[in-house]
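Down below is the structure, laid out as structure tokens.
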Amino acid sequence: MAVAELNGAAIADEASFHQQSREAFGFPATYADSIDAWVDCMSYLRDDENMTKFRLEPNEVLQIVILDADRLKAAAPDLLEELTFCVGGINERYEDYGEKPALELILR
């Protein structure tokens, strides 16, 4: 199982979220530091597009583990809510293409 960890204690705003995401997911240099770009990159986990350092098998799931999630929730609750919404939307996109959902968000 593929796992990417984000340090919730180090995320206080969108800029720090995108910095953590660049490191955890291995986004390309052209990553635009926006939620739309994050969704785009995470939508190609089973393709050969190299949008992340992960290449999932058809039934594999990428666990996104947010460590110190309570600190993230306290510092940027709207960001955590948006991230949760985006993960759900991305999984729906995978299902629309007849694939298994690719993401699991774990708050620790």
Side-chain angles (χ1 to χ4, degrees):
M1 176 164 304
V3 177
E5 291 184 345
L6 299 174
N7 180 358
I11 300 173
D13 54 22
E14 279 197 44
S16 53
F17 168 74
H18 292 297
Q19 179 58 39
Q20 286 276 315
S21 292
R22 280 179 176 278
E23 295 170 14
F25 302 112
F27 290 150
T30 57
Y31 178 68
D33 288 346
S34 71
I35 292 297
D36 289 338
W38 192 91
V39 168
D40 288 345
C41 288
M42 300 303 278
S43 297
Y44 290 96
L45 293 167
R46 295 194 179 113
D47 299 327
D48 292 326
E49 301 295 323
N50 297 318
M51 299 298 281
T52 73
K53 65 182 177 185
F54 297 98
R55 175 71 163 87
L56 300 182
E57 296 298 322
N59 290 319
E60 190 175 13
V61 173
L62 172 61
Q63 289 184 336
I64 302 171
V65 178
I66 300 182
L67 305 172
D68 291 319
D70 288 342
R71 293 191 56 193
L72 169 58
K73 186 174 184 178
D78 292 343
L79 180 61
L80 182 56
E81 184 178 327
E82 185 170 24
L83 177 61
T84 302
F85 177 79
C86 289
V87 166
I90 291 166
N91 281 337
E92 285 180 20
R93 182 181 288 177
Y94 279 103
E95 288 176 329
D96 287 346
Y97 288 111
E99 297 181 34
K100 180 179 177 177
L103 299 173
E104 178 182 8
L105 184 61
I106 299 171
L107 306 177
R108 291 198 177 140

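A distance of 13.0 Å separates CE in Met1 from CD in Glu57, rounded to the nearest 0.5 Å. Once rounded to the nearest 0.5 Å, the distance linking OG of Ser21 with CD1 of Ile64 reads 8.0 Å. Atom SG of Cys41 sits about 11.0 Å away from atom CG of Asn50, to the nearest 0.5 Å. Note that CG of Asp96 and CD of Glu99 are 10.5 Å apart. Values are rounded to the nearest 0.5 Å. Summarising the geometry, atom CG belonging to Leu62 is positioned 6.0 Å from atom CZ belonging to Phe25; distances are rounded to the nearest 0.5 Å.
You'll find the side chain of Leu6 stays beyond 4.5 Å of the side chain of Leu72, heavy atoms only.
By the 6.0 Å contact criterion, CD on Gln63 is enclosed, its count of non-hydrogen atoms from other residues, nucleotides or ligands being greater than 12. Heavy atoms from other residues, nucleotides or ligands lying under 6.0 Å from OH of Tyr94 number more than 12. A 6.0 Å sphere centred on CZ of Arg55 holds more than 12 heavy atoms belonging to other residues, nucleotides or ligands.
By the criterion of side-chain heavy atoms lying less than 4.5 angstrom apart, applied directly or through intervening Ile, Leu, Val, Met, Phe, Trp or Tyr residues, Ile11 is grouped together with Leu105 in one hydrophobic cluster.
The nearest pair of heavy atoms linking Ala102 to Leu56 is O-CD1, 3.7 Å.
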Subject >> Residue pair Leu80, Leu107: steps toward the side-chain contact (heavy atoms from CB on, under 4.5 Å) verdict >> reply: CA-CA 10 Å; Leu80 182 56; Leu107 306 177; 4.0 Å; yes
Subject >> side-chain contact (heavy atoms from CB on, under 4.5 Å) assessment of Glu60 paired with Leu45 >> reply: CA-CA 10 Å; Glu60 190 175 13; Leu45 293 167; over 6 Å; no
**OP:** Check the pair Met42, Arg93 against side-chain contact (heavy atoms from CB on, under 4.5 Å), reporting the backbone distance first and the verdict last.
**Re:** CA-CA 11 Å; Met42 300 303 278; Arg93 182 181 288 177; over 6 Å; no
**OP:** With side-chain contact (heavy atoms from CB on, under 4.5 Å) as the test, would you mind laying out the steps for Glu14 and Asp33 before giving the verdict?
**Re:** CA-CA 8 Å; Glu14 279 197 44; Asp33 288 346; over 6 Å; no
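The main-chain N or O of Pro58 is found under 3.5 Å from a side-chain atom of Arg46 such that the two form a donor-acceptor pair.
Donor-acceptor pairing under 3.5 Å is recorded for the side chains of Asp13 and Ser16.
With sequence neighbours excluded, the residues forming a ring-ring contact (aromatic ring centres under 6.0 Å, His included) with Tyr31 are His18, Phe27, listed by chain and number.
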